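Quick note: numbers below take in every heavy atom, side chains included, and nothing from hydrogens, waters or symmetry partners. The model shown is predicted, which means the values in this text are computed figures rather than measured ones.
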Amino acid sequence: MMRISATVLTFLLLTIAAPSYAVINTQAGTAGAQFLKFGAGARAGAMADSFSAIADDAHAAYYNPAGLSQLTGSQIAGAHTAYFQGVSYEVLDFAVPFARQEQFSRHALAFGIYHLSVNDIERRTGDSTDPVGTFGASDGAYALSYAYGPSRRLSFGATGKYIVQNLDSYSGTAFALDLGALYHLNPEGERPMTLAAVLRNAGTDTGYVSGAKDPLPVSLTVGLGLQAVPKRVKLNFEVTKYRDTDIFGALGGEYRHPFSDATTGAMRFGYSSQRKDTPGLNGISLGGGVSFHRASFDVAWVPFGGLGDTFRYSLLVKF
């Protein structure tokens, strides 16, 4: 137990301290398809999208495809995020495990759709305050994931993405690949711990004009998950580096309380240092949810400082 506690403490200190030692990133602002960073469900959103080592529902397809092997039944999950200035973000993940064991599945497939859109952008043809009509913009990713779990302790996953971007009459496409791994240190222990590693968005350049394209926001995440209180409290610590950002740390926590055999409530919190230099209240996140039989509804509040607040809602159904 002392060795486990020391490991958790060391990882937490590294997570918090990582941004302090980051070198100024000369690639800042050079990546396209920024919507690929926007997360998925409200459960993870309330935990500052710190979910790579937990990854135990259909949205694992986004956070760590290796986590899909933890499913023992099919799930469909949808999420809606209301951003500022009329921007909306929609997510749909459908996961089906195969060769099911008692606590994991040897194989799992998932299909995901991630779509960002904004309408009624004013069009101007010159240096004028008078608009000439309006137009819209959208970004979408269509993903297919596969996970393989050779044992209860270890699993691997991969996600292929087809990315489509539209801006008025212009459009562009790209392809990307995510790779993930999940390792359970003591799956039968009273306080099981999990290690995760995820590579996201490795692929082709994206843009609207040939010869003027940007690389994707490729990232590397390492995470540690801990069942801090058996059947009640889960924690996830992780460190992430995007090609166009400094290293940042994130901490997410979830407390679950059963009200009956069929109903469970949850409260969640999170903190990320990703936007630590942005003025105003940001970095924190809060949320909660309720599960009734095979359905779960979750909500998350994520402030963006002076830009305003965002709210994420999601519904997950198990089959």
Check your understanding: How about Phe297: does its CZ atom have over 12 heavy atoms from other parts shown lying under 6.0 Å from it?
Key -> yes
Practice item. Using atom types as modelled and distance alone, determine if a side-chain donor or acceptor of Thr310 lies under 3.5 Å from a backbone N or O of Val302. Key: yes
Study note, to complete from the structure: Only residue of Lys37, Arg312, Arg275 satisfying salt bridge (charged side-chain N to carboxylate O under 4.0 Å, His left out) with Asp49 is Arg312
Check your understanding: Below 4.5 Å, heavy atoms only, C-beta onward: do Arg294 and Phe319 meet side chain to side chain?
Key -> no
Exercise for review: Determine yes or no for a side-chain-to-main-chain donor-acceptor pair under 3.5 angstrom, with Arg153 supplying the side chain and Leu185 the backbone.
Suggested key: yes
Review point. Is the backbone N or O of Ala174 less than 3.5 Å from a side-chain atom of Thr204, with the two atoms forming a donor-acceptor pair by type?
Key: no
Check your understanding: Can you hop from Leu220 to Phe237 via hydrophobic side chains spaced under 4.5 Å?
Key -> no
Exercise for review: Report the distance from atom CG of Asp246 to atom OG1 of Thr240, rounding to the nearest 0.5 Å.
Suggested key: 12.5 Å
Revision key, fill the gap. Of all heavy-atom pairs linking Ser145 and Thr159, the shortest is OG-OG1, 2.6 Å
Review point. Is it true that Val198 and Ile247 fall in one hydrophobic cluster, defined by side-chain heavy atoms closer than 4.5 Å?
Key: no
Review point. Can you hop from Phe269 to Tyr255 via hydrophobic side chains spaced under 4.5 Å?
Key: yes
Practice item. To the nearest 0.5 Å, tell me how far Phe38 CZ sits from Leu116 CG. Key: 5.5 Å
Point to revise | Path from Leu179 to Val222 over hydrophobic side-chain contacts below 4.5 Å | key: no
Check your understanding: Taking the six-membered ring for Trp, are Phe51 and Tyr63 parallel (under 30°), tilted (30 to 60°) or perpendicular (over 60°)?
Key -> perpendicular
Review point. Are Asp139 and Gln34 close enough, and set up right, to give a side chain to side chain donor-acceptor pair (under 3.5 Å), and what steps lead you there?
Key: CA-CA 9 Å; Asp139 295 325; Gln34 292 289 312; over 6 Å; no
Check your understanding: Do you know which two heavy atoms are closest between Pro65 and Gly180, and how far apart they sit?
Key -> CG-N, 4.1 Å
Practice item. Supply the atom-to-atom distance Ile54 CD1 to Leu235 CG, rounded to the nearest 0.5 angstrom. Key: 7.5 Å
Review point. Does the pair Ile76 and Leu315 meet the rule for a side chain to side chain contact (heavy atoms under 4.5 Å, CB included), with working shown?
Key: CA-CA 8 Å; Ile76 186 169; Leu315 176 67; over 6 Å; no
Point to revise | Worked check of ring-ring contact (aromatic ring centres under 6.0 Å, His included) between His107 and Tyr148 | key: CA-CA 5 Å; His107 306 278; Tyr148 171 59; 5.4 Å; yes
Point to revise | Closest non-hydrogen atom pair between Asp298 and Ala42, with its separation | key: O-CB, 3.5 Å
Check your understanding: Looking at side-chain heavy atoms only, is the closest gap between Gln274 and Asn282 below 4.5 Å?
Key -> no
Practice item. Check Arg100 against Ser74 and note the closest heavy-atom contact, atom names and distance. Key: NH2-OG, 3.7 Å
Point to revise | Interatomic distance, Gln101 atom CD to Arg106 atom CZ [nearest 0.5 angstrom] | key: 5.0 Å
Exercise for review: Examine distances only and state if a side-chain atom of Gln70 and a backbone atom of Ala55 form a donor-acceptor pair shorter than 3.5 Å.
Suggested key: yes
Point to revise | Approximate separation, where rounding is to 0.5 Å, of Lys234 NZ and Gln227 CD | key: 5.5 Å
Point to revise | Nearest-0.5 Å distance that lies between atom OG in Ser155 and atom NE2 in His184 | key: 5.5 Å
Check your understanding: Is there a side-chain contact between Phe98 and Val96, using heavy atoms and a 4.5 Å cut-off?
Key -> yes
Check your understanding: Would you call the rings of Phe311 and Tyr313 parallel, tilted or perpendicular if under 30° counts as parallel and over 60° as perpendicular?
Key -> parallel
Review point. When hydrophobic residues are tied together by side-chain contacts of less than 4.5 Å, even through go-betweens, does Tyr162 share a cluster with Leu177?
Key: no
Check your understanding: Do Tyr170 side-chain atoms and Gln165 backbone N/O form a donor-acceptor pair below 3.5 Å?
Key -> no
Point to revise | Tyr114 side chain to Phe35 backbone, donor-acceptor under 3.5 Å | key: no
Point to revise | CA sep, side-chain torsions, deciding dist, call: Ile284, Trp301, side chain to side chain contact (heavy atoms under 4.5 Å, CB included) | key: CA-CA 9 Å; Ile284 66 169; Trp301 168 65; 3.9 Å; yes
Review point. Would you say the side-chain atoms of Asp178 pair up with the backbone N or O of Ala158, donor to acceptor, closer than 3.5 Å?
Key: no
Exercise for review: Using a 4.5 Å cut-off on heavy atoms from C-beta on, say whether the side chain of Leu144 contacts that of Tyr142.
Suggested key: no
Review point. Asp57 pairs by side chain to side chain donor-acceptor pair (under 3.5 Å) with which of Arg43, Lys318, Gln75?
Key: Arg43
Exercise for review: Say whether, by atom type as modelled, one donor and one acceptor occur between the side chain of Thr264 and the main chain of Ser291 under 3.5 angstrom.
Suggested key: no
Exercise for review: Flag the pair Val164 / Ser171 as yes when at least one side-chain heavy-atom distance between them is below 4.5 Å, and no otherwise.
Suggested key: no
Point to revise | Side-chain H-bond candidate by donor/acceptor type, Ser138 with Ser117, under 3.5 Å | key: no
Exercise for review: Check Ser314 against Ala79 and note the closest heavy-atom contact, atom names and distance.
Suggested key: CB-CB, 3.7 Å
Point to revise | Over 12 foreign heavy atoms within 6.0 Å of CZ, Arg232 | key: yes
Exercise for review: Answer yes or no on whether Arg200 is positioned over the face of Tyr242, meaning its NZ or CZ is under 6.0 Å from the six-membered ring centre and within 45° of the axis.
Suggested key: no
**Study point:** Check: Ser52/Asn64 side-chain N/O donor and acceptor closer than 3.5 Å
**Key:** no
Exercise for review: Can you see which heavy atom on Thr72 is nearest to which on Gln103, and at what distance?
Suggested key: CG2-C, 3.8 Å
